[in-house]
Structures are given as C-alpha cells and as structure tokens.
Amino acid sequence: MSRAGNEPFCTSTAPPSAIFAAFPSPLGSEDADSGHGADVTGVTPDGAAWLASAGTYPRSTLAGWQEQPDAPVVLPCGTAFDVVSAPVVFGRRMLDRMWDDGPGSGPVAVYRGRVLLFAASGTAQRLPSLLHWEEWGARAGDPSRGGRAGGIPPLLCHGTGDAVTVPPPLGGDACDGPSGNRWLVAPDTRHPWLPGPEVLLWAAVRAARRGVRISISPPQEQGAKVYDVSRRR
C-alpha cells in the first residue's frame, strides 16, 4: 500500500457515504414496518463509513468494498473502536445476556470461530484488569481454583496498536454452522453506541454463571437470531 499523502486505489472526490451508496439497504420494507426485530446482518452506508473511519484511508477502504463487496478487510483498533474477541459459543452467550437482560450491544461479527464485540475505545486496556479483579484471568484455565469463570478461555482485547479482520459488508461466504463469517449486529450509523468495559464484564460474568442456559437457537440455526435494534442504547 502506498505511504504517500494521496489515498491509494481511490480517485473519487465524493464523500465516503456516497461511494458506498450503491450497496442495497439491509432492511426490507416489511422488516421496517413490522413489529418484529429488524434484519441487522447487513452493513448500511453510514455503518460502512463508520467502519472505514478507523483506518488511515477511509475512502480507499470504501472504494475497495464497492469493487469487492464480498472481501473481508483489516481495520485498526483504538480510535473508532476497540474489539473484544470471544470463542464463538461463549461470545453468543455474552451477546444474549446483553440483549436479553442488558442495554443491547454495539456492532458484533463472527469471524473464523470468534465473536468480535465492538466496544468503546479504551475498553481493551481496562477490561483485562476488571476481569482479573473478578477472579477471571488467574483462574480461567484451572477450574479447581474456583472463580466465576473456571474453564472459560480468556477474552482477547484488541486496542491501540492492534488490528482485526472483519467480515465484508454484505456478509461474504457464510459457512454452515455457528462459525460462519458474518455480521450478527451490523453497524447501521456513523455514531453507534458502543459498550464500555463494565458492560462487557457484566455480560461475561452473566454468561459464565449461566453456561448451561443458552437462549439462542440450536447451532444449525444460530445465524437466524434477530436482535431488536430499537432497544439498543
């Protein structure tokens, strides 16, 4: 990639949202008018602009998506968002707790067997210490030592200096089963609400306590879970 001042691969002078406007809205008219939760698995133009704003060259990112809408992209963390990565089953439990009993979530994706929970900047720095305080980190791999989350793999916190690969805006190749690369709650605004470390700590502890109770559908149908975004804070 070029390091020059001009952005590579993009010659358009249109604003980022205009570059991405060719993509269809993920919400059908029936979803928008119904009383049920809307389909939130497709990224809107405003949501794509927010994702692209994390990088140095947002217009180039958007132009690349316009040319290859099924291509994943690597985005830096620490500015527009941090990301907390969890194993797919436990991550879905966390997400259910946030929507069933909590404030909802920000954007959430599944990529290569991990659930990526987008969080407020600074979460990656603060959450590990909160988890340790909750007797998580030191006891996660040793159930005999007790703690609130014995046997649960540690969460991976990505912040300043890190980068994550996210699914393409239109979903890409969704594999069968719960680990297919896709958006569970896609970004739909330029200023999405993002949970902080306290909310994610709460969700993790709740998910660990209720490991036997899973409210999501069986694995083969997990991709059909619909979250009511009207409840999102």
Side-chain angles (χ1 to χ4, degrees), residues 40 77-78 80-167 177-187 192-219 222-223 225-229 231-233:
V40 293
C77 302
F81 52 77
D82 284 359
V83 170
V84 175
S85 171
V88 67
V89 173
F90 188 72
R92 291 298 295 261
R93 293 176 186 171
M94 287 182 63
L95 186 59
D96 272 354
R97 298 284 67 75
M98 295 171 73
W99 283 96
D100 291 347
D101 306 320
S105 72
V108 181
V110 174
Y111 193 78
R112 293 188 176 179
R114 306 283 299 187
V115 170
L116 307 178
L117 299 126
F118 285 69
S121 297
T123 297
Q125 181 178 6
R126 179 65 176 150
L127 183 58
S129 61
L130 293 178
L131 290 171
H132 182 76
W133 183 77
E134 287 286 342
E135 303 179 21
W136 183 293
R139 302 168 188 256
D142 187 0
S144 66
R145 297 179 62 184
R148 298 173 184 245
I152 301 297
L155 304 180
L156 304 180
C157 299
H158 304 286
T160 303
D162 300 326
V164 294
T165 302
V166 302
S179 299
N181 303 334
R182 63 191 182 280
W183 288 97
L184 299 178
V185 181
W193 178 81
L194 299 173
E198 293 82 5
V199 172
L200 291 173
L201 171 68
W202 172 87
V205 171
R206 284 294 188 96
R209 287 175 176 174
R210 302 184 184 184
V212 178
R213 176 181 176 271
I214 308 175
S215 63
I216 56 179
S217 303
Q222 281 186 335
K225 176 76 174 187
V226 175
Y227 298 95
D228 182 4
V229 295
R231 293 184 51 246
R232 188 163 52 195
R233 301 294 186 269

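All of these numbers come straight from a predicted model, not from anything done at the bench. Position 1 is the first residue of the sequence; numbering continues from there.
Residue Arg206 holds its CZ atom at 12.5 Å from CE of Met98, rounded to the nearest 0.5 Å. Leu116 CG to Tyr111 OH: the interatomic distance, rounded to the nearest 0.5 Å, is 9.5 Å. Atom-to-atom distance recorded for His158:NE2 and Leu117:CG is 10.5 Å, nearest 0.5 angstrom. In this structure, CG in Leu156 is found 4.0 Å from CZ in Arg114, a value given to the nearest 0.5 Å. Between the CG atom of Leu131 and the CH2 atom of Trp133 there is a distance of 11.5 Å, given to the nearest 0.5 Å.
Taking the side chain as every heavy atom from C-beta outward, Pro128 and Leu155 never approach each other to under 4.5 Å. Between Val164 and Ser85, every side-chain heavy-atom pair lies at or beyond the 4.5 Å cut-off. Between Val115 and Met94, every side-chain heavy-atom pair lies at or beyond the 4.5 Å cut-off. Between Leu184 and Arg92 the shortest side-chain heavy-atom distance falls below 4.5 Å. Counting only heavy atoms from C-beta outward, the side chains of Arg112 and Thr165 never approach each other to under 4.5 Å.
Scanning all heavy atoms of the two residues, the minimum distance from Trp99 to Ser105 falls at NE1-OG, 3.0 Å. Residues Thr123 and Pro197 share a closest heavy-atom pair of OG1-CD, 3.5 Å. Considering all non-hydrogen atoms of both residues, Trp193 and Pro103 come closest at CH2-CG, 3.8 Å. What you find for Pro167 and Val110 is that their closest heavy atoms are CG-O, 3.6 Å. For Leu194 against Ala120, the heavy-atom pair with the smallest separation is CB-N, 3.5 Å. Annotation for Val84 and Cys157: closest pair CG2-SG, 4.4 Å, computed over non-hydrogen atoms.
A donor-acceptor pair under 3.5 Å is formed between the side chain of Asp82 and the backbone N or O of Ala124.
Checked against side-chain hydrogen bond (donor to acceptor under 3.5 Å, both in side chains), Ser121 has no partners two or more places apart in sequence or in another chain.
The aromatic rings of Phe118 and Trp183 lie tilted to each other, with the angle between the two planes from 30° to 60°.
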